[in-house]
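Nothing here was measured: the structure is a model prediction, and the numbers come from that model.
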Amino acid sequence: MRIILASASPRRRELLGYILKEYEVIPSTVEEEIEYTNVEDYVKELSYIKAKDVFYNVRKNDKGDIFIIGADTVVYLEGKILGKPKDKDDAKKMIKSLSGRKHQVYTGVCLMERLEDSDDLKINNFFVKTDVYVDNISDE
């Protein structure tokens, strides 16, 4: 079975490497900005569209067994998703906003599997939420 991580994240590569000897990395090229009503659906939808993007690109040339892992993680603070920082100053502001507070980290995961002898696509799409407490951080 061809196992593909649909992510460019070095951390995801590292984690997957702990459990699998062989897998491929094919990052999704879809736009990550989508409308959302709640953060749970947002991360699930992003992980789904990433996995789907890679799956449909791969299946054109591969009729064998394919297993795709899509994932997306966001930091959520007081009803807002903190996106990727624009620059170093923006990153400092984001980190400072977490100082002395609790926030949530949500990860959406989408697993897609297609066996070569079937047209059926099995999909498992879910999310995990973790509360994170950050101690007070000084400017230094």
Side-chain angles (χ1 to χ4, degrees):
M1 175 168 285
R2 188 172 176 194
I3 300 173
I4 302 168
L5 175 61
S7 173
S9 165
R11 183 70 175 139
R12 286 197 184 96
R13 288 183 203 184
E14 177 186 356
L15 292 172
L16 193 55
Y18 290 136
I19 58 173
L20 293 174
K21 283 185 180 181
E22 293 186 30
Y23 65 93
E24 297 173 59
V25 176
I26 302 176
S28 169
T29 58
V30 296
E31 179 64 39
E32 291 191 21
E33 294 297 321
I34 61 171
E35 294 294 320
Y36 70 97
T37 55
N38 64 59
V39 68
E40 296 91 347
D41 289 342
Y42 178 79
V43 293
K44 283 174 59 179
E45 180 67 14
L46 278 178
S47 66
Y48 171 76
I49 63 174
K50 287 178 178 184
K52 186 172 113 177
D53 175 57
V54 171
F55 175 78
Y56 282 106
N57 285 322
V58 167
R59 79 168 188 161
K60 295 173 193 172
N61 302 316
D62 189 335
K63 301 299 181 197
D65 298 346
I66 301 171
F67 188 82
I68 308 282
I69 304 165
D72 197 80
T73 300
V74 297
V75 174
Y76 193 68
L77 177 65
E78 295 183 346
K80 290 184 182 178
I81 292 174
L82 300 183
K84 292 182 174 94
K86 298 176 204 118
D87 53 32
K88 195 173 182 177
D89 287 337
D90 194 34
K92 285 179 183 179
K93 285 180 196 171
M94 282 186 186
I95 291 170
K96 189 71 173 165
S97 75
L98 302 175
S99 178
R101 303 168 83 181
K102 176 178 90 169
H103 66 277
Q104 291 73 41
V105 175
Y106 287 83
T107 297
V109 178
C110 184
L111 308 174
M112 287 188 175
E113 178 182 21
R114 197 255 352 247
L115 301 178
E116 74 174 293
D117 59 352
S118 172
D119 289 332
D120 294 334
L121 182 61
K122 294 180 186 176
I123 299 173
N124 186 5
N125 194 203
F126 58 94
F127 76 93
V128 178
K129 171 188 158 191
T130 303
D131 286 332
V132 178
Y133 300 88
V134 177
D135 204 353
N136 289 316
I137 302 170
S138 70
D139 289 336
E140 294 83 45

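Glu22 has its side chain out of reach of Ile3: every pair of non-hydrogen atoms, C-beta onward, lies at least 4.5 Å apart. Lys129 has its side chain out of reach of Glu40: every pair of non-hydrogen atoms, C-beta onward, lies at least 4.5 Å apart. For the pair Arg11 and Leu15, the minimum side-chain heavy-atom distance is below 4.5 Å. Counting only heavy atoms from C-beta outward, the side chains of Ile4 and Phe55 never approach each other to under 4.5 Å. Side-chain contact between Val39 and Val74: present, with at least one pair of heavy atoms (C-beta onward) separated by less than 4.5 Å. With a 4.5 Å cut-off on side-chain heavy atoms, Arg2 and Val58 count as touching. Within the 4.5 Å cutoff, side-chain heavy atoms of Met1 are placed close to those of Leu115. At least one side-chain heavy atom of Ser97 sits under 4.5 Å from a side-chain heavy atom of Leu82.
Closest approach of Phe67 to Glu113, counting heavy atoms only: CD1-CB, 3.7 Å. The shortest heavy-atom contact between Ile123 and Cys110 is CG2-SG, 3.8 Å. The two residues Ser47 and Gly108 have their closest heavy-atom pair at CB-O, 3.3 Å. Residue Ala71 comes nearest to Arg12 through the heavy atom pair CB-NE, 3.3 Å, listed as atom of the first residue, atom of the second, then distance. Between Ala6 and Ala51, the shortest heavy-atom distance links the atoms CB-CA, 4.3 Å.
A perpendicular orientation is assigned to the rings of Tyr106 and Tyr76, their planes being inclined by more than 60° (bins at 30° and 60°).
No single ILVMFWY cluster, assembled from side-chain heavy atoms under 4.5 Å apart, contains both Phe127 and Val132. Transitive grouping of hydrophobic side chains (ILVMFWY, heavy atoms separated by less than 4.5 Å) keeps Ile81 and Leu77 in distinct clusters. There is a path of hydrophobic side-chain contacts, each under 4.5 Å, that joins Val105 to Ile137. Criterion: ILVMFWY side-chain heavy atoms under 4.5 Å apart, direct or through other members. Under it, Tyr133 and Val75 are not part of a common hydrophobic cluster.
Heavy atoms from other residues, nucleotides or ligands lying under 6.0 Å from OH of Tyr23 number more than 12.
A donor-acceptor distance shorter than 3.5 angstrom exists from the side chain of Asn125 to the backbone of Val109, with no hydrogens or angles considered. Side-chain N or O atoms of Asp53 include none that pairs as donor or acceptor with a backbone N or O of Ile49 at under 3.5 Å.
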* Asked: Please walk me through it: do Asp139 and Lys96 pass salt bridge (charged side-chain N to carboxylate O under 4.0 Å, His left out)?
  -> CA-CA 8 Å; Asp139 289 336; Lys96 189 71 173 165; 3.3 Å; yes
* To do: Evaluate the criterion side chain to side chain contact (heavy atoms under 4.5 Å, CB included) for residue pair Asp90 and Met94; output intermediate values, then yes/no.
  => CA-CA 6 Å; Asp90 194 34; Met94 282 186 186; 3.8 Å; yes
* To do: May I have the step-by-step check of side chain to side chain contact (heavy atoms under 4.5 Å, CB included) for Val25 and Leu16, ending in yes or no?
  => CA-CA 10 Å; Val25 176; Leu16 193 55; over 6 Å; no
